[in-house]
Amino acid sequence: MKIRDAAAASEGGAAVGRQERRRRKLHDQLYETAIGLFVAQGYEATTMEQIAAAADVARATVFNHFTQKVGFLEEWGVRRRARVAEILGAEHAEDLPVGGRLRRYLKEMGDLNVASRAETTVLMDASARYGYLLQDPSLDIELARIVEQGRQRGETRAGVDCDQAGQLLAACYFSTILRWIREEPAPFDLHERLSGALDIILLGLLADEAHAGAGREPGAL
């Protein structure tokens, strides 16, 4: 490549980089503006027009970044999971046994909720009502991946269905959060409830002596 061509390519790349940074900055601005309005006046009461006005951009600009209002809810969940993954990655939590790793994951998720209870109350409720909270498999997949890694290291029963385990853990998490935000003040300690639920899942429900009598008849639930 000629020097002139190389310089032009470098300038073009720099321009693309600047454009992407500006786009990302505007995207973040719209997201933060929307979340602030949701918390201040409610998800239902907030319109895309209000988000545009508060961010001082054209209405079309908002739709260029978020085609539907529910998109803000989806990104809220994505950012929370990414934050937890970042924290656990920095701690090398992948080295923990599967039980300890699941406990750390739920603790960090719990910490985020406790630290921003007002935000969680509005956004989680809106996600359950208008979003795809229980249909979105993202958290199921993340938790199932942790269980699968534990299975590969021989830390779980060989017959455990990792996908089903991930679904069970995610359903337990969401159910607990939705109960926790239902009343003000919080009706229970979130960390204790999540930890207790995880204990039941990890240890099972029946006492050791009851396992022998827990066999199911063919076709029975």
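Computation of the quantities below employed the complete heavy-atom set of this structure, encompassing side-chain atoms and omitting hydrogens, waters and symmetry-equivalent molecules.
Remark: Arg145 does not engage Asp163 in a salt bridge, criterion side-chain N to carboxylate O under 4.0 Å. Salt bridge status for Arg193 with Asp189: absent, with no side-chain N to carboxylate O gap under 4.0 Å. Salt bridge present: Arg80 and Glu119 bring a charged side-chain N and a carboxylate O closer than 4.0 Å. Comment: Asp28 engages Arg79 in a salt bridge, judged by a side-chain N to carboxylate O separation of less than 4.0 angstrom. For Glu91 and Arg104, the salt-bridge test passes: some basic side-chain N is under 4.0 Å from an acidic carboxylate O.
Put simply, the side chain of Lys69 gets close to the backbone of Tyr43: a donor and an acceptor are under 3.5 Å apart. Without hydrogens or angle criteria, Thr121 side chain to Arg117 main chain gives a donor-acceptor distance under 3.5 Å. Using a distance-only test at 3.5 Å, with no hydrogens or angles considered, a donor-acceptor pair links the side chain of Asn113 to the main chain of Met109.
The two residues Leu30 and Ala55 have their closest heavy-atom pair at CD2-CB, 3.7 Å.
For the pair Thr120 and Leu112, the minimum side-chain heavy-atom distance is 4.5 Å or more. Side-chain contact check for Leu37 versus Thr33: some heavy-atom pair is nearer than 4.5 Å. Ser195 has its side chain out of reach of Leu106: every pair of non-hydrogen atoms, C-beta onward, lies at least 4.5 Å apart. Using a 4.5 Å heavy-atom threshold, the side chains of Asp140 and Leu168 count as separate. The side-chain heavy atoms of Arg151 and Arg157, taken from C-beta on, include no pair separated by under 4.5 Å. In this structure the side chain of Asp136 never reaches within 4.5 angstrom of the side chain of Phe174, judged on heavy atoms.
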Report the C-alpha separation of Gln41 and Gln50 in whole Å, then their side-chain angles, then the decisive distance to 0.1 Å, and conclude whether the side chain to side chain donor-acceptor pair (under 3.5 Å) test is met. CA-CA 11 Å; Gln41 63 187 33; Gln50 290 174 332; 2.8 Å; yes
I'd like to know whether Tyr105 forms a side chain to side chain donor-acceptor pair (under 3.5 Å) with Glu142, so could you lay out the CA-CA distance, the side-chain angles of the two residues, the decisive distance to 0.1 Å, and finally the verdict. CA-CA 10 Å; Tyr105 191 99; Glu142 178 64 22; 4.9 Å; no
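Relative orientation of the His27 and Phe66 rings is parallel, given thresholds of 30° and 60° on the angle between their planes.
Of the candidates Leu202, Val98, Leu96, Arg103 forms a side chain to side chain contact (heavy atoms under 4.5 Å, CB included) with just one, namely Leu202.
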